[in-house]
Number of protein chains: 2
Amino acid sequence: MPSVCQDCRVRHEGICAVLSPSELRHLARNARHTHHDAGEGLALESGEINGYANVTNGAVKLSRVLRDGRQQLVGLQFAPDLMGRLFRAESPLSAEAASDVELCRFPRGVLEALVASSSNLKQRLLDQSLHDLDEAREWMVTLGRKSAAEKVASLLLLVAKRSGGGSDDSITFDMPIGRADMADFLGLTIETVSRQVSKLRHSGVIAISGHRHVKVLSLRALKDRAG
Amino acid sequence: MPSVCQDCRVRHEGICAVLSPSELRHLARNARHTHHDAGEGLALESGEINGYANVTNGAVKLSRVLRDGRQQLVGLQFAPDLMGRLFRAESPLSAEAASDVELCRFPRGVLEALVASSSNLKQRLLDQSLHDLDEAREWMVTLGRKSAAEKVASLLLLVAKRSGGGSDDSITFDMPIGRADMADFLGLTIETVSRQVSKLRHSGVIAISGHRHVKVLSLRALKDRAG
DNA sequence: ACGACCATTTGATCAGGATCAAGGAACTTG
DNA sequence: CAAGTTCCTTGATCCTGATCAAATGGTCGT
C-alpha cells in the first residue's frame, strides 16, 4: 500500500475503496495532502489548481453566489466525499473550508484516466452523484416549501445524521458551520436562524453550548418540527 | 435495427445512442411504448410498474410532497431523458405527465444488466446525473435567494432554453405546465406567479396567448430580471 | 350558440420573515 | 487581564408574498 495512504482515514471509504492496488499506487504517486484553515477558499474549480480532491477530514461548503452578492450554499461535503465537478473544468460553484479541512488532492487528468479505465470507479462516482442528486432534491423541498422553523430543524437533522454519534433519541454533535452559513444554506437571514434556534432551545428540543455544540434532547420532537 | 426503434424520435439521443446494435436489440425486445395523458400519474418509482423509461415525447414533472400536502416540483424531464432512480426500487419522488407524454418503458433488471456490462452506458448515465445535479443546485439558488419576480423570470428562461426555437433576442415556446405547477416549482402560490407573469407582460418583456403560449420579446430584459 | 366548468387574473388584507438597530457573550491580541 | 473583535442574540418595524375572496375568460359538451 502506498505510504501516503498508510494511515489515511478514508483509505477504505470513498473512491479509494474501489481502486485496485496498482490503481491506488498510481493515484497516490500523484496525490498531495494539504491542510486548510476554516474559511479558506478552495480553488478547485476555477483558477490555477484545476483538479480534484478527497475530503479526508473536516467539512467543505459548496456555494453559488449571485452577481449582487446574494449567496446560497448548495451542499456540504464531509469525508470521504470527492470534490470537484467531473469532466468539466469550469463550474459556477465555489468551495470553502467550513471547518479546518484536510484534503488529498490530485490533478484532473490522473483521475479522469482512472475513471476511463475502471468500471468500478465509474460505478462509485455514479453512486455518489445519484446520492448527491437525491440530497439536492430533498433540499429543494426544504427551500421551497418549508417554514423558517422547519428549515432550521431540517438542517440540524441533516448534520446530526452525518455526525452519527449518539443514543436512540438523543444525539450530540458540532455544527460545522456558523449562523451566517446556516442562513445561506436555508435561504434565510442570520437573525431568523438565530431566533429559530433559540425557540428550539427554549422548548427543550435541543441544548446548546458555545454556539456550535448541539445536543438533541428529543430526536422525535426535532423530526416533528422538520415538517 | 429493431423495428420499434425504426422511427423513434430519440433513437440517436439519450441512452440508446451509446448502445451497440446487439444491446439495443436486447433492450428493444423488452421495451414497450406507452402513451399517457396530461395529468396522469406515472408510477415508475413505487408500486407495480417498477422500471425505467425513456421520455420520447412530452414533458414529465418530478415532485415531492410533504405529509401535509405541500408540494415541490424538483425537476422537469423532456425527451430523451431517462426516468427512474437507478439502483433503487423505492424513491420518494412521484412522477406525473405534465403534457401528453410518450414513454418507452423497460423492466428494472434489463437496464441494470446493460449498465453493468456497458461502460459507455454507465458513462452516459453519469453524465446525465451530473447534469441533473448541476440543474438541481442551480435551482436551489433560485428557490433560496431570489425574489418572486426573479423566480418567475428564471423559470421562463429555463423552459425557453429547453424549447429552443426562436431568433436572437426573441423566443417563442409553449409552457408545458400550468400556473399551479409553476408555483410548485418556484415555491410560490398560484396568485403570486400570475401577478408576476402579468407584470412581465405589461412591461413588454413577454407576450402571452392562451395562457400557455409565450413569446419572449426581449431575452436580454428577461435575463436581467432573472437575477 | 349557450351554459357549466376550470384555470387564470385581479383585488384586499394579513403574516412570516427581512431589515434596521442595539445589546451580550466568547475568542484574540497586546 | 483588559480591550477589541467577531459572532450571536434579542427587539422593533417594515415589506414581500400568502391568504381570502371575487371576477374574468377560455374550453368543452350539448
Side-chain angles (χ1 to χ4, degrees), chain A residues 37-39 61 66 68-72 96 98-100 142-156 174-203 206-214 225 227, chain B residues 37-39 61 66 68-72 96 98-100 142-156 174-203 206-214 225 227:
Chain A
D37 293 332
K61 54 189 219 216
L66 259 21
D68 61 5
R70 281 175 291 177
Q71 183 170 192
Q72 174 70 46
E96 190 178 306
S99 56
D100 283 11
T142 300
L143 287 171
R145 285 299 178 206
K146 291 189 184 176
S147 68
E150 292 170 327
K151 283 179 175 181
V152 170
S154 300
L155 179 54
L156 292 176
D174 281 303
M175 267 286 149
I177 57 178
R179 299 289 183 269
D181 285 332
M182 291 174 69
D184 281 340
F185 206 1
L186 296 166
L188 297 171
T189 58
I190 294 182
E191 294 93 326
T192 300
V193 171
S194 180
R195 272 184 253 271
Q196 297 301 334
V197 169
S198 297
K199 211 172 275 181
L200 286 171
R201 191 157 38 79
H202 291 136
S203 43
I206 60 174
I208 294 188
S209 46
H211 297 318
R212 293 287 188 104
H213 191 73
V214 178
R225 286 165 191 251
Chain B
D37 293 332
K61 53 188 219 220
L66 259 20
D68 62 4
R70 281 176 290 177
Q71 183 170 190
Q72 175 69 47
E96 190 177 304
S99 56
D100 284 12
T142 301
L143 287 172
R145 286 299 178 206
K146 291 189 185 175
S147 69
E150 291 170 328
K151 284 179 174 180
V152 170
S154 299
L155 178 55
L156 292 176
D174 281 302
M175 268 287 149
I177 56 179
R179 298 289 182 271
D181 285 331
M182 290 174 69
D184 281 339
F185 206 2
L186 296 166
L188 297 171
T189 57
I190 294 182
E191 294 93 326
T192 299
V193 170
S194 179
R195 273 184 253 272
Q196 297 301 336
V197 169
S198 295
K199 211 172 277 181
L200 286 172
R201 193 156 39 79
H202 290 136
S203 43
I206 59 173
I208 293 188
S209 45
H211 297 316
R212 292 289 187 103
H213 192 73
V214 178
R225 285 166 191 249

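Side-chain atoms are counted along with the backbone in the values below, which use heavy atoms only and exclude waters and symmetry mates.
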Just the rounded figure in Å: distance from [atom2] of [N] to [atom1] of [X].
{"X": "A:Arg145", "N": "C:dG16", "atom1": "CZ", "atom2": "P", "answer": "16 Å"}
{"X": "A:Arg179", "N": "D:dT10", "atom1": "CZ", "atom2": "C1'", "answer": "13 Å"}
{"X": "B:Met175", "N": "C:dA7", "atom1": "CE", "atom2": "P", "answer": "18 Å"}
{"X": "B:Ile208", "N": "D:dT24", "atom1": "CD1", "atom2": "P", "answer": "20 Å"}
{"X": "A:Ile190", "N": "C:dG23", "atom1": "CD1", "atom2": "C1'", "answer": "16 Å"}
{"X": "A:Lys146", "N": "C:dG17", "atom1": "NZ", "atom2": "C1'", "answer": "18 Å"}
{"X": "B:Arg201", "N": "D:dG25", "atom1": "CZ", "atom2": "C1'", "answer": "12 Å"}
{"X": "A:His213", "N": "D:dC8", "atom1": "NE2", "atom2": "P", "answer": "16 Å"}

So what does B:Gly187 touch, heavy atoms closer than 4.0 Å: a base, only the sugar-phosphate, or nothing?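 Contact class for B:Gly187: sugar-phosphate only.
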Once you apply a heavy-atom cut-off of 4.0 Å, does B:Ser198 come out as touching a base, just sugar-phosphate, or nothing?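 Answer is sugar-phosphate: B:Ser198 comes under 4.0 Å of backbone atoms only.
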Quick check: on DNA chain C, is the nucleotide nearest A:Gly210 upstream (toward 5') of the one nearest A:Arg195, or the reverse? Name the residue that is more 5'.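 Nearest nucleotide further toward 5': that of A:Arg195.
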Toward the 5' end of DNA chain C, which comes first, A:Glu191 or A:His211, by nearest nucleotide?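 Nearest-nucleotide comparison on DNA chain C picks A:Glu191.
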Checking side chain to side chain contact (heavy atoms under 4.5 Å, CB included) for the pair B:Asp174/B:Val214: CA distance, chi angles, key distance, verdict? CA-CA 6 Å; B:Asp174 281 302; B:Val214 178; over 6 Å; no
Of the nucleotides [options], which has the atom closest to the [X] side chain?
{"X": "B:Leu188", "options": "D:dG17, D:dG11, D:dT19", "result": "D:dG17"}
{"X": "A:Ser194", "options": "D:dT9, C:dT8, D:dC20", "result": "D:dT9"}
{"X": "A:Thr189", "options": "D:dT9, C:dA18, C:dT10", "result": "C:dA18"}
{"X": "B:Thr192", "options": "D:dG17, C:dT9, C:dT10", "result": "D:dG17"}

Would A:Arg145 and B:Asp184 pass as an ion pair if we require N to O under 4.0 Å?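 A salt bridge is present here (some side-chain N lies under 4.0 Å from a carboxylate O).
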Might you work through the side chain to side chain contact (heavy atoms under 4.5 Å, CB included) test for A:Arg225 and A:Lys199, ending with a clear yes or no? CA-CA 11 Å; A:Arg225 286 165 191 251; A:Lys199 211 172 275 181; 5.6 Å; no
Atom CE in B:Met182, atom OG1 in B:Thr189: separation rounded to 0.5 Å?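 The distance works out to 12.0 Å.
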Given side chain to side chain contact (heavy atoms under 4.5 Å, CB included), test B:Leu66 with B:Gln71 step by step and report yes or no. CA-CA 6 Å; B:Leu66 259 20; B:Gln71 183 170 190; over 6 Å; no
